[in-house]
Amino acid sequence: MQAMQWEGDSLLLLDQTKLPTKVEYLRCTTHQMVADAICRLVVRGAPAIGVAAAYGMALGALEYKGTDKEGLYTYLQQVRRTLAETRPTAVNLFWALQRMQTKLDNVKDKPVAEIRAALTKEAQLMEKEDIETNRAIGYYGNAIVPDQARILTHCNAGALATCGYGTALGVIRAAHEAGKGVHVFADETRPLLQGARLTAFELMEDGIPVTLITDNMAGWVMHKGMVDLVIFGADRIAANGDTANKIGSYSVAVLAKENGIPVYSAAPLSSIDINLCTGDEIPVEERDPKEVTHLGGIQVAPSGVHVFNPAFDVTLHQYLDGIITEVGILRPPFERSISAALAARATSTTS
Ligand code: MRU
């Protein structure tokens, strides 16, 4: 199952708003189409949003009609702003756009055709690296998964939320591939049902045993001793380990703590925002009230009711036993383990 594919100077996106009943692809030929697709959650999940935006920059370069490199550079600044305004919480979006900007700055004096080729190549490289990163997350995460583990997850942090393999579901996949006989409890994840529509679908496609529960069942399922481990993804992690993820993740983590169940977040280092000291500073996207008042197009709440619809919450670091990354599992105190991991990464990329 691939969330995106670069094909013939266009970006094919698996339309995740239609899953699980329809498998349809949207062909994006302009950066604006990619931006709209990100806003509408055709493509979603932090790493996938980042790489889709990178391809959006590449499309911006291809769609530019002029032949002068200065004009292209100016045009791409507008393209970048448009893509950056799509969704505020997943830091991977801004990380990916910054990486594309750095590439652009490196090649801006080359002929237009070379700039276009370089941007496309960079986005393709990011796609490839994302899959490798997720496999590494799976490798390290597998170490904390006991045999026969029953694992609860929230939202979708799988192949569909990335360029392949997944983060939280990457760990689950690795444990499944290692023959550990894992079983997944997937929270349905209101309001947009990423757990029911996407996680259950993705795991069933791969033959990984899954039981779907509604969000309000999670506490009871834990209390009944049916869960050994909680793993979810991340959209942005602050320097102290506070972790923004899909709304409901915080409740799951608190319930797990109460029931003595370990909780891990699985995410690439690109999900860490070292500029933010705590989760209080993470911008939380608020979405259309209709996502709450309507279910599958059917109105389920009185017209005009006041709605609060934050798309994410922040799990405070004290509820996390670890953050599973592509360089290993970061443990508390997270200030120290996070800065050490980022410093080691910076040294390895400069040497
Ligand atoms: O609103 P979404 O569907 O983009 O939210 C996705 C999540 O919250 C994921 O858990 C997170 O991005 C991690 S994806 C590997």
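This structure is a prediction, so every number in the text was calculated from the model and none was measured. Basis for what follows: all heavy atoms, side chains included, without hydrogens, waters or symmetry-related copies. In this chain, residues are counted from 1 in sequence order.
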Are [X] and [Y] side-chain neighbours, meaning at least one heavy-atom pair lies under 4.5 Å?
| X | Y | answer |
| --- | --- | --- |
| L41 | Q194 | yes |
| M100 | M126 | yes |
| V184 | T153 | yes |
| M4 | L12 | no |
| T243 | S271 | no |
| V91 | D235 | no |
| L229 | I231 | yes |
| V182 | Q148 | no |

Are [Y] and [X] connected into the same hydrophobic cluster when the rule is that any two of I, L, V, M, F, W, Y join if their side-chain heavy atoms are below 4.5 Å apart?
| X | Y | result |
| --- | --- | --- |
| V227 | L320 | yes |
| V23 | V42 | no |
| I151 | V221 | no |
| I282 | L316 | no |
| V327 | I338 | yes |

Sorted by first residue and then second, give each side-chain hydrogen bond (donor to acceptor under 3.5 Å, both in side chains) pair with at least one member in residues 326-338; sequence neighbours left out.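 Passing the test, one end in residues 326-338: Y264-R331.
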Counting distance only, does the side-chain N/O of [X] pair as donor-acceptor with the main-chain N or O of [Y] below 3.5 Å?
| X | Y | value |
| --- | --- | --- |
| K69 | V107 | no |
| D68 | G71 | yes |
| D242 | A238 | no |
| E281 | C277 | yes |
| R197 | Q16 | yes |

For F232, is the NZ or CZ atom of K246 found under 6.0 angstrom from the centre of its six-membered ring and inside 45 degrees of the ring axis? no
List the steps, then state whether salt bridge (Lys or Arg N to Asp or Glu O under 4.0 Å) holds for E285 with R287. CA-CA 6 Å; E285 176 183 12; R287 292 186 60 89; 2.8 Å; yes
Y139, OH atom: more than 12 neighbouring heavy atoms under 6.0 Å: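 Atom OH in Y139 is not crowded, with 12 or fewer foreign heavy atoms closer than 6.0 Å.
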H294 atom NE2, neighbour heavy-atom count above 12 within 6.0 Å: yes
Does a side chain donor of either [X] or [Y] reach within less than 3.5 Å of an acceptor in the other side chain?
| X | Y | value |
| --- | --- | --- |
| R27 | S10 | yes |
| T214 | N216 | yes |
| E127 | Q5 | no |
| Q299 | S303 | yes |

Regarding [X] and [Y], does a basic nitrogen lie under 4.0 Å from an acidic carboxylate oxygen?
| X | Y | value |
| --- | --- | --- |
| E188 | R190 | no |
| R99 | E129 | yes |
| E85 | R81 | no |

Let me see the working for R150 and D228 under salt bridge (Lys or Arg N to Asp or Glu O under 4.0 Å), right down to the final yes or no. CA-CA 5 Å; R150 294 150 312 163; D228 304 300; 3.0 Å; yes
Please name the pair of heavy atoms, one in [X] and one in [Y], separated by the smallest distance, quoted to 0.1 Å.
| X | Y | answer |
| --- | --- | --- |
| T347 | A343 | OG1-O, 2.7 Å |
| T189 | C155 | OG1-N, 2.9 Å |
| G60 | L76 | C-CD2, 3.8 Å |
| S270 | N92 | OG-ND2, 3.5 Å |
| A61 | L119 | CB-CD1, 3.9 Å |
| P310 | I247 | O-CB, 3.5 Å |

Could you note down all residue pairs passing ring-ring contact (aromatic ring centres under 6.0 Å, His included) where residues 22-69 supplies at least one of them, sequence neighbours left out?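 Checked against ring-ring contact (aromatic ring centres under 6.0 Å, His included) - neighbours excluded - the pairs reaching residues 22-69 are W6-Y55, Y64-Y75.
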Pairing residues for H183 by the ring pair (Phe, Tyr, Trp, His ring centres under 6.0 Å) criterion, not counting sequence neighbours: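 Testing H183 for ring pair (Phe, Tyr, Trp, His ring centres under 6.0 Å), a comparison that skips the adjacent residues, returns F185.
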Could you walk me through whether K18 and D15 pass salt bridge (Lys or Arg N to Asp or Glu O under 4.0 Å), step by step? CA-CA 6 Å; K18 306 247 169 86; D15 188 344; 3.5 Å; yes
N245 vs T315, test: side chain to side chain contact (heavy atoms under 4.5 Å, CB included). Steps then yes/no. CA-CA 8 Å; N245 192 51; T315 296; 5.8 Å; no
Please walk me through it: do V263 and Y319 pass side chain to side chain contact (heavy atoms under 4.5 Å, CB included)? CA-CA 7 Å; V263 179; Y319 291 100; 5.8 Å; no
Test T30 against L59 for side chain to side chain contact (heavy atoms under 4.5 Å, CB included), laying out the working first. CA-CA 5 Å; T30 64; L59 284 172; 5.8 Å; no
For residues 156-173, run the donor-acceptor check on the side chains, cut-off 3.5 Å, and write out each pair with its distance to 0.1 Å, sequence neighbours left out.
residue	atom	partner	partner atom	Å
N156	OD1	R44	NH1	3.0
N156	OD1	G158	N	3.3
N156	ND2	T199	OG1	3.1
N156	ND2	E202	OE1	3.2
T162	OG1	N134	ND2	3.4
T162	OG1	G158	O	3.0
T162	OG1	A159	O	3.4
T162	OG1	G164	N	3.1
T162	OG1	G164	O	3.2
T162	OG1	G166	N	3.4
Y165	OH	A174	N	3.4
Y165	OH	E177	OE1	2.9
T167	OG1	A157	O	3.4
T167	OG1	A266	O	3.4
R173	NE	D206	OD2	2.7
R173	NH1	Y165	O	2.7
R173	NH1	E202	OE2	2.9
R173	NH2	E202	OE2	2.9
R173	NH2	D206	OD2	3.0

Spacing of E291 atom CD and L193 atom CG [to the nearest 0.5 Å]: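 These two atoms lie 10.5 Å from each other.
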How long is the span from the CD atom in Q98 to the CG atom in L104, to the nearest 0.5 Å? 10.5 Å
By side chain to side chain contact (heavy atoms under 4.5 Å, CB included) - contacts of V307 (at least two apart):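 Partners of V307 by the side chain to side chain contact (heavy atoms under 4.5 Å, CB included) criterion, ordered by chain and then number, come out as P289, V292, T293, V305, N309.
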Pair T29, E63 - check side chain to side chain contact (heavy atoms under 4.5 Å, CB included), show working. CA-CA 8 Å; T29 51; E63 80 206 21; over 6 Å; no
Ignoring hydrogens and angles, write down the donor-acceptor pairs under 3.5 Å from the side chains of residues 33-40, residues two or more places apart or on other chains.
residue	atom	partner	partner atom	Å
D36	OD1	Q32	NE2	3.2

